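Let me begin by presenting the structure, written as structure tokens, before commenting on it.
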Amino acid sequence: GAVVSQHPSWVICKSGTSVKIECRSLDFQATTMFWYRQFPKQSLMLMATSNEGSKATYEQGVEKDKFLINHASLTLSTLTVTSAHPEDSSFYICSARGQGGSDSPLHFGNGTRLTVT
Amino acid sequence: GENVEQHPSTLSVQEGDSAVIKCTYSDSASNYFPWYKQELGKGPQLIIDIRSNVGEKKDQRIAVTLNKTAKHFSLHITETQPEDSAVYFCAAPRRGSGSARQLTFGSGTQLTVLP
């Protein structure tokens, strides 16, 4: 089945620094990837849709200048949290569809636990 | 956009009993309904999905039923085992998401299987 790999699995950074999270589709090409954010005991909230070779589409309320998304290849999307603050601490999860386009199931990476001190 | 409501928020069952989780959706045009299992500290894992052209789908101890008229779908887990303990999320396509087929998730159900 489709495998989505996310790195790192956890990261601790100081307030004001930037952190980059990578999301890779290991055995398929993904023209579209999705970035979600999840707070403890809550559901997944879509942050943005990452499109290969073009700009990401951000959800309402998500600052595009703070959460930079780059989808430079068919197997890699990155999320950079810029000038991180403690309120950015959360569980970030990426996802992608398997081969077959929009009719394929959505598969998730194992998430990145970000802690900003 | 699509509104997905999930119940119950927590569910405890004895090992060997069945568990049922229900979701309702608002967009009658929705045609795809996946269920995900999320273990602590991990990403969600797709466990079963159903498309609107069928009313039921089964995979070993897991089944999903769909009632398009009432706009609700349910996850059924039979012969529950302690390793079934996790948070379960339902989802449905978000209205207007086009070919991207973004999903809207339910609020989640914490299932605890007691040994």
Side-chain angles (χ1 to χ4, degrees), chain A residues 1-10 21 23-24 30-52 54 56-62 71 90-98 100-115, chain B residues 1-11 21 23 25 29-53 57 59 62 64 86-112:
Chain A
V3 178
V4 177
S5 176
Q6 195 170 335
H7 179 82
S9 56
W10 61 270
I21 303 169
C23 180
R24 295 181 184 273
T31 55
T32 302
M33 292 185 175
F34 305 93
W35 286 96
Y36 287 83
R37 182 175 183 176
Q38 186 179 35
F39 290 107
K41 298 187 184 299
Q42 293 192 19
S43 188
L44 292 83
M45 299 303 296
L46 181 65
M47 297 176 65
T49 301
S50 171
N51 305 296
E52 187 268 335
S54 64
T57 304
Y58 290 83
E59 294 300 297
Q60 191 172 10
V62 178
H71 194 155
S90 189
F91 194 50
Y92 293 87
I93 319 173
C94 70
S95 63
R97 299 196 180 279
S102 58
D103 285 338
S104 300
L106 198 60
H107 297 277
F108 285 84
N110 262 332
T112 297
R113 173 73 58 194
L114 170 63
T115 302
Chain B
E2 176 69 280
N3 186 39
V4 179
E5 295 191 0
Q6 184 172 345
H7 299 281
S9 56
T10 61
L11 178 60
I21 304 170
C23 284
Y25 60 97
S30 292
N31 58 2
Y32 175 68
F33 308 93
W35 283 92
Y36 288 86
K37 174 184 180 182
Q38 186 178 28
E39 297 177 337
L40 192 62
K42 295 186 177 181
Q45 178 186 11
L46 179 69
I47 56 172
I48 196 167
D49 57 11
I50 191 168
R51 298 188 186 275
S52 60
N53 58 345
K57 183 177 179 180
D59 182 4
I62 296 173
V64 55
V87 179
Y88 291 82
F89 291 98
C90 64
R94 192 170 73 173
R95 180 182 296 187
S97 59
S99 61
R101 295 281 296 270
Q102 294 149 341
L103 294 178
T104 297
F105 285 82
S107 53
T109 297
Q110 173 68 62
L111 173 65
T112 303

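Below, each value reflects all heavy atoms present in this structure, side chains not excepted, and no hydrogens, waters or symmetry copies. Remember, predicted model here, so these are calculated numbers, not experimental data.
Here B:Glu5 pairs with B:Asn3, B:His7, B:Thr24 under the side-chain contact (heavy atoms from CB on, under 4.5 Å) rule; sequence neighbours left out. For B:Asp49, the side-chain contact (heavy atoms from CB on, under 4.5 Å) partners are A:Pro105, B:Tyr32, B:Pro34, B:Leu46, B:Lys57, not counting sequence neighbours.
In this structure, the portion of A:Ile93 lying under 4.5 Å from any heavy atom of chain B is its side chain and not its backbone. Of the atoms belonging to A:Gln38, it is side-chain heavy atoms, and not backbone ones, that fall under 4.5 Å from chain B. Contacts between B:Gln38 and chain A at a heavy-atom distance below 4.5 Å involve the side chain alone, from C-beta outward.
Looking only at distances, no side-chain donor or acceptor of A:Ser43 sits under 3.5 Å from a matching main-chain atom of B:Gly108.
Taken to the nearest 0.5 Å, the CD atom of B:Gln102 stands 5.5 Å off from the CD atom of A:Glu59. Here the OH-CZ distance, from B:Tyr36 to A:Phe108, works out to 5.0 Å after rounding to the nearest 0.5 Å. Taken to the nearest 0.5 Å, the OG1 atom of B:Thr10 stands 10.5 Å off from the NZ atom of A:Lys41.
Shortest non-hydrogen contact noted between B:Leu103 and A:Tyr36 is O-OH, 3.6 Å.
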